[in-house]
Amino acid sequence: MENKNNPKIAVVIPCYNEEKNIEACYNSLVNILNQTNCKYDLIFVNDGSKDNTLEKLINLHKSDSNVKIIDFSRNFGKEIALSAGLDYVDADTDAVIPFDADLQHPPEVILQMLEKYKEGYDIVNAVRSKRDGETFLKKITSKLFYKIINKLTDIEIPKDVGDFRLISRDALEAIKGIRERKRFMKGIFAWVGFKTASVYYERAPRHSGKTKWNYIKLIDLAIEGITSFSAAPLRLASLLGLLVSFVAFLYAVWIIIAKLAFGNPVKGYPSMMVAILFLGGVQLITIGIIGEYIGRIYEEVKQRPLYIVKKVYDRSGSE
Ligand code: UDP
Ligand code: MG
């Protein structure tokens, strides 16, 4: 049974090359969590870091039995690392909070989240009210992305909400049931539904190090998000085909009339080139769209595990 008044909390922190942030992140989290009187676990997922992240984590684990480490065999990406962290949450945990190691999420927001949780909400989103240190282009593209994805899919993905949110045990169980390989966590969190509230915060710049995101990765994530939650692009492909056929039909009628009425001499080459190139383009686009989905089917049918854990460091004493 969930314990609404004095819940046990698990904070899940995916880490990839965060050696300079681990300690600050740990200290600020512990500082806040100790104010709550709640029991808690800190679940760090080491996502194949190439620096000393693991050593730093092991030090914390040795001095604090609330620290659990899931050490991956290689880098699997943040969405997968987060999923793994959720899988390893103890059975007696009442609420889970994904958290970034770079301190971009102010830990004191956790207190507000807990208030909402106690009021009976299952999911409490932390909404960024200010985007600091981001370029104009990033703001615009992110706005556009949310517009498109919320139009195309039947779920409402909240704007300016990252992975930072509180998830109740009930919602967690639902989320854990979703095992698709291509994971767009923001979409998955929204897809399960449940009673949702929001709290607001200002996002800080990274404590140290650089973001692992670049435009190519962001475009990838956008395509990921759309194809995970909507088959609308496939329909668009069919519509495009229909439209082109219709235009071609009108053109054919026009050619016949022109031939009968004016006995038009052939003026073929330019119009033929245009038609061939245009149709070729449309076909390539639609094949590409179909390919996106076939690729996803391929990923799913292989039935590979989502991630490979090299070692778990937890209370059971295994180290
Ligand atoms: N992260 C991860 N695996 C990756 C990339 C990132 O576990 O392959 C972690 C990273 O260490 C951080 C969190 O995911 O704790 C968010 O990453 P980042 O700060 O690069 O993303 P942003 O805040 O710019 O969205
Ligand atoms: Mg960050």
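Both ligands and their constituent atoms are indexed starting at 1 by order of listing. Values below: all heavy atoms of this structure, side chains included; hydrogens, waters and symmetry mates excluded.
With a 4.0 Å heavy-atom cut-off, ligand 1 is reached by the backbone of Ala101 and by its side chain too. When non-hydrogen atoms are compared, ligand 1 lies under 4.0 Å from the side chain of Asn75 (C-beta onward) but not from its backbone. At a heavy-atom cutoff of 4.0 Å, ligand 1 is contacted by both the backbone and the side chain of Lys78.
Near Glu18, meaning under 4.0 Å from one of its heavy atoms, ligand 1 places the atoms 10 (C), 11 (O), 12 (C), 15 (O). Near Cys15, with a cut-off below 4.0 Å to any heavy atom, the atoms of ligand 1 are 7 (O), 11 (O). Remark: ligand 1 atoms within the under-4.0 Å shell around heavy atoms of Asp102 are 19 (O), 23 (O). When each atom of ligand 1 is checked for a heavy atom of Asp47 under 4.0 Å away, the hits are 2 (C), 3 (N), 4 (C), 7 (O), 8 (O).
Taking a cutoff of 4.0 Å between a charged side-chain nitrogen and a carboxylate oxygen, Arg169 and Glu173 qualify as a salt bridge. A salt bridge between Lys39 and Asp90 is absent, with no side-chain N of the basic residue lying under 4.0 Å from a carboxylate O of the acidic one. Under 4.0 Å is where a charged nitrogen must lie from a carboxylate oxygen, and between Asp41 and Lys8 at least one such pair does. Between Asp47 and Arg74, none of the side-chain N atoms (NZ, or NE/NH1/NH2) sits under 4.0 Å from a carboxylate O, so this pair counts as no salt bridge. Ion pair Lys56/Glu19 not flagged as a salt bridge, since none of the NZ, NE, NH1 or NH2 atoms sits closer than 4.0 Å to an Asp/Glu carboxylate oxygen.
In terms of distance to the Mg ion (ligand 2), the nearest N, O or S atom of Asp102 is named OD2.
Residue Phe99 is tested with Phe44, Tyr26, Phe164, Tyr40 for a ring pair (Phe, Tyr, Trp, His ring centres under 6.0 Å); the sole match is Phe164. Considering Ile69, Val12, Leu29, Ile9 in turn, Leu29 is the only one that fulfils the side-chain contact (heavy atoms from CB on, under 4.5 Å) rule with Leu42.
When the heavy-atom distances from atom 9 (C) of ligand 1 to Pro14, Gly48, Ser49 are ranked, the shortest goes to Pro14.
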